Amino acid sequence: MMNLSILILVPLITAIIVMFCRNASQVRWISLAGSLVQLVLCFTLLYFYLHERSAGNTAQMLFESRYSWYSALNIELYTGVDGISVAMILLTATVVFTGVLISWKIEKLTKEYFLLLLLLGMGAYGFFISLDLFTMFFFLEIAVIPKFLLIGIWGSGRKEYSALKLALMLMTGSALVLIGILSLYFHTDIGNGQHTFDLVKISQLHIPIETQRFIFPLLFTGFGIFTAMFPFHTWAPDGHSSAPTAASMFLAGISMKLGGYGCLRVATYLMPEAAKEYAWIIILVATIAIIYGAFATMMQKDLKYINAYSSVSHCGFVLLGIGMLTKTAIIGAVMQMVAHGLMTALFFGAIGMIYDRTHTRQVDELGGLLKAMPFIGTIYVVAGLCSLGLPGFSGFVAEMTIFMGSWQRPDAYYRIATVLSCASIVVTAVYILRAAGKVIMGPLKAPHMHDLKDATWNEKLAAATLVLGIVAIGIVPFYLVNLVSPDTQHIMDNITRSIAVK
């Protein structure tokens, strides 16, 4: 039996130890050790989880524990995991570990930087293991403020503007989520006039469709803002462009997945009838995001803006999979969250390495970097190939699963949306190949670039870790599919049951 609270305690304890470190070297090594422990713990969790399932444990959530937090309102530190949350936890641990490695050369306020990075990880772990909606919201908020400080202090360009815009947009999303959660709370009745934030109990209740119609848009839009849902996506490009490398990796690799997870786990799972009624709107918004994001990316000249707008497009696939409400499409949405998290972390990591050495992110000012920095050039190309959906990489299996699940919806409206979304792959290939061709291939732009140094040991370890995850999912995707499939079925059963009750 594994106590999930340890996933919150380890980054918290690591952060406390970092506070008492005397120099930057100690901060780096303690942070790396703490992030490595987190990674080991998460794979240990995966082992125990698979062992329990293979032993015949069919409980919806495993490793549950409850601690009363505020009994007057039935608020609990209620934790538990299923296959979907285990996949998100593994993604978080991987991005945090690689983010610490990428940040090895941070000199400005080193202690404070790594402290905030560790707190971001803690917030994500708490969010993914929480089965109490109020506690989930609490950890969601922990993952907002550190991002504001990381961009505002360690960022570049219009960092104050970008940090404030990000914070205001995400706080707006948080406000909608809080209103939705409180509305849901007061529309639950577990006897004796008592209400509950318990996600599992709420899923077993039948919430009137009139109530669902009001609460679902609040929760889905609130969480959707976190995943850069169109038209609330504008914080993402500015935030990414100004953020330090590790913050960009976390922002795109994990924070945007908090939104997708919330849209699926909270909004869709708890209010399936409303999800079915609003599905056509979700599909429309997702399709616009996919196409708009792809064409907007083609217009960008800055490497970070290219990846940022590309992330808007790729996260549109997550919402498309959720909105289709078929088991295959939802499995694909979860796979896309993991695949995009790894790919975009690698992309931003490579861009950060290029910027640290060339001091520019403008495509027209770069060229021939493969000659001067073969390792960095190679991982940039690998990230690009994953982004455009090349077979053998995680992006391909995730997107193809979404397309196959989407095509299972026979209506012409959904088929058209599926075709248009598929067509965006061509646009993706254009901007990825064009950027890689100009930046990585050809002659070096300037003589001084001949003296550029390739990746250091920490950068190579971070990149290799991310590439390993990308290739593993691309070659043997059935491990991830088998992990999340049974719990996707729980969501589908809830949709079927609610429609039958109706």
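Quantities reported herein were computed from a predicted structural model and do not represent experimental measurements. The figures that follow rest on heavy atoms only: side chains count, while hydrogens, waters and symmetry mates do not.
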Between [X] and [Y], is any pair of side-chain heavy atoms under 4.5 Å apart?
{"X": "L303", "Y": "L366", "value": "yes"}
{"X": "I225", "Y": "W235", "value": "yes"}
{"X": "D356", "Y": "K105", "value": "no"}
{"X": "C42", "Y": "L46", "value": "no"}
{"X": "L7", "Y": "Q38", "value": "no"}
{"X": "T465", "Y": "K460", "value": "no"}
{"X": "L369", "Y": "M441", "value": "no"}
{"X": "T221", "Y": "F232", "value": "yes"}

Are [X] and [Y], when compared by the centres of their aromatic rings, separated by less than 6.0 Å?
{"X": "F139", "Y": "Y125", "result": "no"}
{"X": "Y380", "Y": "F347", "result": "yes"}
{"X": "Y292", "Y": "H233", "result": "yes"}
{"X": "F317", "Y": "F403", "result": "yes"}

Quick check against the 3.5 Å criterion: does [X] have a side-chain atom that pairs as donor or acceptor with the backbone of [Y]?
{"X": "K301", "Y": "V363", "answer": "no"}
{"X": "S241", "Y": "D238", "answer": "yes"}
{"X": "T268", "Y": "C263", "answer": "yes"}
{"X": "T326", "Y": "Q408", "answer": "no"}
{"X": "K108", "Y": "I153", "answer": "yes"}

(message) As a test of understanding, state which of I290, L388, T297 forms a side-chain contact (heavy atoms from CB on, under 4.5 Å) with T428.
(response) L388
(message) So, applying side-chain contact (heavy atoms from CB on, under 4.5 Å) with I331, which one of I402, L480, V484 is it?
(response)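 One option only clears the test, and that one is V484.
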(request) Report yes or no: is the cationic atom of R158 (NZ for Lys, CZ for Arg) under 6.0 Å from the centre of the six-membered ring of Y161, at an angle within 45° of the ring normal? (result) yes
(request) Would you check if there is a donor-acceptor pair between the side chains of T360 and Y355 at a distance under 3.5 Å? (result) no
(message) For the residue pair T456 / E459, report whether a side-chain donor-acceptor contact shorter than 3.5 Å exists.
(response)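 Result is yes, a qualifying pair exists.
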(request) Compare every heavy atom of I151 with every heavy atom of S242, then report the nearest pair and how far apart it is. (result) CB-CG2, 4.0 Å
(message) Quick check on side-chain hydrogen bond (donor to acceptor under 3.5 Å, both in side chains): which of S313, S387, S394, S311 does H340 satisfy it with?
(response)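 That would be S311.
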Can [X] and [Y] be counted as an ion pair, charged N to O under 4.0 angstrom?
{"X": "E141", "Y": "K147", "answer": "no"}
{"X": "R53", "Y": "D487", "answer": "yes"}
{"X": "R265", "Y": "D82", "answer": "yes"}

